[in-house]
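Atoms considered below: every heavy atom in the structure, side chains included; atoms not considered: hydrogens, waters and symmetry mates.
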Amino acid sequence: MADSSSTLDLLKPITTSRSDRRSSFNSTTWNYPGSPASQYTLTPSIDALDSRQPWEELGSEADENAQVWHIYNEESARLDAATIEGCNRGIDVLLVFTGLFSAVLTTFIIQSYQLMLPSSSDTTNALLFQLLSDLRQSSTLNISGPLPTLPPAAGVPTLSQLHWVNGLWFAALACSLSGALVCMLAKQWIQPLANTSSSPKQRARQRQWRHRQLQTWHVFSVISALPLLLHISLLLFFAGVIILLWSGDIAIMIATFAIVALAYVFYLGSIWMSLAHSDFPYQHPITMQLRHWMAQQTRNMPQNSGDLETNSHGKLRSMRVSLAAENASPDDHLDAGSIIWLLQQSNDRVVKVALQAIAGLPREFSAFQPLREAGAIRMVLHQFSCCFRRDHTFGHTKWRINDAEAAAIYCRAWIRLTHGTSENWPSNLYQPLNTLKDLTGNFHVSAIAACVSALDALDSRSSQIGLLNHINRVASGDSTYDEITQRWLLDTLLECSLSWELRAAVLSDLVKKIVPTLIQLLQQGTEKSSIEVQESIALTLANLTCGKLDPQLLWDEEQRHLNFLEILIPSLAAVIQDPERFGVTSEPLIFTVSEFSRHAAQIFERSSRFSPQVDAARLGLFKLFIEDRIGNVPDDLLRNILQILHPLAKITLEQKLKFVKALVQILSTSIDVDVAVSSIRLLEAMLTDCSGAVIQVFTEENGVPTLLRLAHTGNTDSRRLQLDCLRTLCVFIRSSARAFTLETSHQVTLEEHFDVIFRSDFFTALITAIGGRRWWLAEIAEVWVPALMHLCEVRPKDHNWRSVEAAFRDFAETNDGEAGCQRLLDNLDWIRAMIDSPS
């Protein structure tokens with residue numbers, strides 16, 4: 001079983017600069033696994049076209065039950081079975097050889113080891129020799145001369161030679177038996193695990209995990225090296241035989257040495273030849289491992305700095321690729337390894353299915369880098385070219401489409417593989433891509449081709465307009481675009497907008513075309529599209545309007561979902577703040593206001609996350625409101641708008657006048673209590689310490705009668721509205737008194753100005769409200785009664801004052817001892833003094 005990182009060594013990813021890539025791809029060839037000598041050019045393969053498979057449902061090419069996982073399980077099961085069977089056969093042969101060799105070697109060892117042990121005949125001879133020596137010294141016989149000695153036996157090895165022979169043979173026996181032990185263990189190592197996962201994808205992951213573990217721990221390398229133990233043990237045995245024969249017959253020793261030398265010269269020579277020539281028929285098990293090790297060392301050598309040349313945009317993308325690779329999940333690595341394993345197969349159908357599966361991988365898939373390193377980009381482009389044929393009719397070349405759906409799948413695979421990189425579409429495939437982009441009758445295919453063209457030409461306005469045309473068709477309600485195609489178009493637009501290389505004027509024009517379309521799509525999405533489409537729209541809007549995106553949102557679907565409002569609200573706020581800049585008018589603008597108000601009104605008061613954006617949008621919303629560009633909106637939307645507008649930042653006097661007029665008109669026409677409460681709260685802020693011009697507008701628009709009408713409800717449910725109206729009227733009285741005091745340009749007197757209040761049922765409403773005894777003492781003492789003091793000073797002899805003073809005094813006595821009570825009593829004493837004054 002080959003290692004997944006070594007088979008595609010010739011399929012190096014493109015790493016040259018953007019301009020070099022476009023010109024260098026014309027002469028590109030592909031070396032596919034299984035046939036390294038074969039070269040595939042861009043000429044379409046008819047056999048490949050005839051063997052194409054029916055395509056799976058769009059976007060499901062890498063789902064749990066996708067075809068690629070079934071094929072992976074089928075192919076891997078067949079290959080694993082053949083591999084395990086081959087290993088078992090090889091191990092069985094080794095065990096048989098080990099048994100026979102160990103038996104023969106043991107016989108030799110038994111005989112040689114006996115030669116090293118002391119012999120009884122040697123002991124007898126030594127004793128007899130000693131006895132004869134003693135007799136010779138004590139005998140009276142005249143025996144002269146030395147004792148006779150026996151000549152050494154011919155061919156008998158010395159004790160040192162015997163030590164060497166036995167040492168070599170025992171080492172050979174140890175190697176042989178150790179090899180047998182490891183062989184038995186290896187049979188356990190290669191036994192397949194029980195795969196009980198229900199999903200084909202999960203079964204593929206489990207098998208790929210097992211395959212990766214075997215490769216990581218070099219299990220098959222160890223099994224391939226087992227014969228070396230037997231080869232070494234056989235060499236040790238021959239060495240012992242030669243040493244044993246050394247002291248014997250020289251001719252026999254020379255003949256044996258020559259045979260052994262010739263055998264091992266052939267052995268070593270065949271290893272060297274198989275390393276030098278991959279097609280050498282006399283291969284050794286260890287040769288493949290040595291060749292893989294040498295290729296790995298070559299691949300790990302540092303590259304030339306020129307090969308790493310990229311533009312600044314490419315460097316940014318490469319950084320994102322590295323970040324994604326570092327955070328790759330284990331499951332994604334297993335899926336990528338499974339696809340790479342399929343790409344290594346020589347079966348064209350299997351390779352096609354594997355490349356199609358890349359198109360179905362999700363955007364947040366974190367292990368694209370291993371696929372790039374395995375040469376998947378080049379293989380995708382080759383399969384794309386096979387979906388066309390050249391037509392040389394009438395003297396010029398045209399590209400005819402053989403399989404548009406397949407070409408679209410390979411385009412999607414190219415987009416997935418090149419996401420976050422600086423890869424470009426090869427220049428010699430521009431014509432097929434344009435042919436696919438201009439295809440009529442299949443808008444999904446032409447849309448995907450437009451996505452490729454837009455990503456490849458970030459500096460081309462026409463390519464971006466082509467992408468936008470498809471998005472406009474979706475926004476216009478064209479039902480031929482399914483949801484998957486919409487997401488591809490929007491994700492491509494987002495990626496393009498992050499890296500546009502257009503002039504400022506062109507970019508501004510594009511933004512004016514795109515933002516209204518996205519808002520129109522968002523309006524449709526609230527009714528029929530999925531949340532994923534809405535999230536893509538919101539993310540693209542955020543990049544075009546705000547220009548600041550968290551990089552994590554580009555990769556993580558879960559983060560998009562969790563931060564949907566954080567993405568959408570600032571985008572809508574930016575559009576509301578300056579709708580002319582983004583070309584948003586009429587109905588899209590009303591929807592923008594509606595959507596912003598609906599989301600922002602629910603959360604901005606309880607969170608500080610949106611305060612800068614909401615503050616900016618509040619001014620834009622206020623401008624649209626006073627210019628009456630929002631139109632007649634329902635009460636629920638109007639309530640949200642009024643809620644967002646409070647509190648208002650500093651505005652000009654002219655804007656304040658228009659706003660007061662608009663608020664009084666709303667109070668005059670709306671019957672919704674919540675709308676009225678929100679309007680009165682804003683109106684109170686406008687009337688607090690305001691100028692005489694604001695007082696005049698409020699009076700001219702019949703603000704006093706309007707508030708009195710709302711205050712005089714007489715039921716408990718609208719008590720808050722009643723009290724808010726009375727408080728706002730008190731604020732109006734205090735501001736009017738202050739304005740008439742500071743300004744001298746008034747044509748009417750203060751008494752004439754307040755005449756509308758004295759002629760109304762204002763005092764009756766006050767007595768009714770204070771009689772309920774359900775209001776704050778502090779507000780009564782600080783707002784209501786000081787306003788009454790101004791009225792009393794203007795017309796102290798009005799008949800309502802005594803009943804008003806009595807009602808408020810009764811309220812003060814009820815709250816005796818509380819904070820502000822004494823101030824209230826002092827003010828009431830002043831009012832009584834004014835009433836009782838004779839002047």
Is the Phe622 ring parallel, tilted or perpendicular to the Phe659 ring (thresholds 30°, 60°)?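 Rings of Phe622 and Phe659: perpendicular, over 60°.
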
Any residue meeting side chain to side chain contact (heavy atoms under 4.5 Å, CB included) with Ser460, in chain and number order, not counting sequence neighbours: Ala457, Ser462, Ser463

For Ala685, side chain to side chain contact (heavy atoms under 4.5 Å, CB included) partners two or more places apart: none

Using a 3.5 Å cut-off and no angle test, enumerate the donor-acceptor pairs between side-chain atoms of residues 688-697 and protein atoms at least two apart in sequence or in another chain.
{"residue": "Thr688", "atom": "OG1", "partner": "Glu684", "partner atom": "O", "Å": "2.7"}
{"residue": "Gln696", "atom": "NE2", "partner": "Glu700", "partner atom": "OE2", "Å": "2.9"}

For Thr485 and Asp482, does a side-chain donor sit closer than 3.5 Å to a side-chain acceptor? yes

Residues two or more places apart in sequence or in another chain: which of them pass side chain to side chain donor-acceptor pair (under 3.5 Å) with [X]?
{"X": "Trp488", "value": "none"}
{"X": "Trp801", "value": "none"}
{"X": "Glu779", "value": "Arg727, Trp775, Trp784"}
{"X": "Arg734", "value": "none"}

With a 4.0 Å cut-off on N to O distance, would you call Asp578 and Lys623 a salt bridge? no

May I ask you to decide whether Asp724 forms a salt bridge with Arg720, counting only side-chain N to carboxylate O separations under 4.0 Å?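 Salt bridge between Asp724 and Arg720, a charged N being under 4.0 Å from a carboxylate O: yes.
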
Residues in ring-ring contact (aromatic ring centres under 6.0 Å, His included) with Tyr481, at least two apart?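 By the ring-ring contact (aromatic ring centres under 6.0 Å, His included) rule, Tyr481 matches Phe443, His470.
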
Under the ring-ring contact (aromatic ring centres under 6.0 Å, His included) test, which residues partner Phe698, sequence neighbours left out? Phe732

Side chain proximity check, Ile733 to Phe762, heavy atoms < 4.5 angstrom: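 They are in side-chain contact.
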
Smallest separation among heavy atoms of Thr517 and Ala475, with atom names: CG2-CB, 3.8 Å

Using every non-hydrogen atom in the two residues, find where Ser736 and Leu750 come nearest and quote the distance to one decimal.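 Where Ser736 meets Leu750 most closely, the heavy atoms are O-CD1, 4.1 Å.
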
For Lys658, what residues pass the salt bridge (Lys or Arg N to Asp or Glu O under 4.0 Å) criterion, not counting sequence neighbours? Glu654

Would you please name every residue forming a salt bridge (Lys or Arg N to Asp or Glu O under 4.0 Å) with Glu805, sequence neighbours left out?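 For Glu805 the salt bridge (Lys or Arg N to Asp or Glu O under 4.0 Å) partners, ignoring immediate neighbours, are Arg809, Arg832.
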
Arg795 to Phe754 six-membered ring, cation-pi geometry met (6.0 Å, 45°):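 The answer is no, since Arg795 fails at least one limit relative to Phe754.
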
May I ask you to check whether over 12 heavy atoms, not counting those of Glu558, lie within 6.0 Å of atom CD? no

Between side-chain atoms of residues 667-680 and protein atoms elsewhere (two or more places apart, or another chain), which donor-acceptor pairs fall under 3.5 Å?
{"residue": "Ser668", "atom": "OG", "partner": "Val664", "partner atom": "O", "Å": "2.8"}
{"residue": "Thr669", "atom": "OG1", "partner": "Gln665", "partner atom": "O", "Å": "3.0"}
{"residue": "Thr669", "atom": "OG1", "partner": "Ile666", "partner atom": "O", "Å": "3.4"}
{"residue": "Ser670", "atom": "OG", "partner": "Asp672", "partner atom": "N", "Å": "3.2"}
{"residue": "Asp672", "atom": "OD1", "partner": "Asp674", "partner atom": "N", "Å": "3.0"}
{"residue": "Asp672", "atom": "OD1", "partner": "Val675", "partner atom": "N", "Å": "2.9"}
{"residue": "Ser678", "atom": "OG", "partner": "Asp674", "partner atom": "O", "Å": "3.1"}
{"residue": "Ser679", "atom": "OG", "partner": "Val675", "partner atom": "O", "Å": "2.8"}

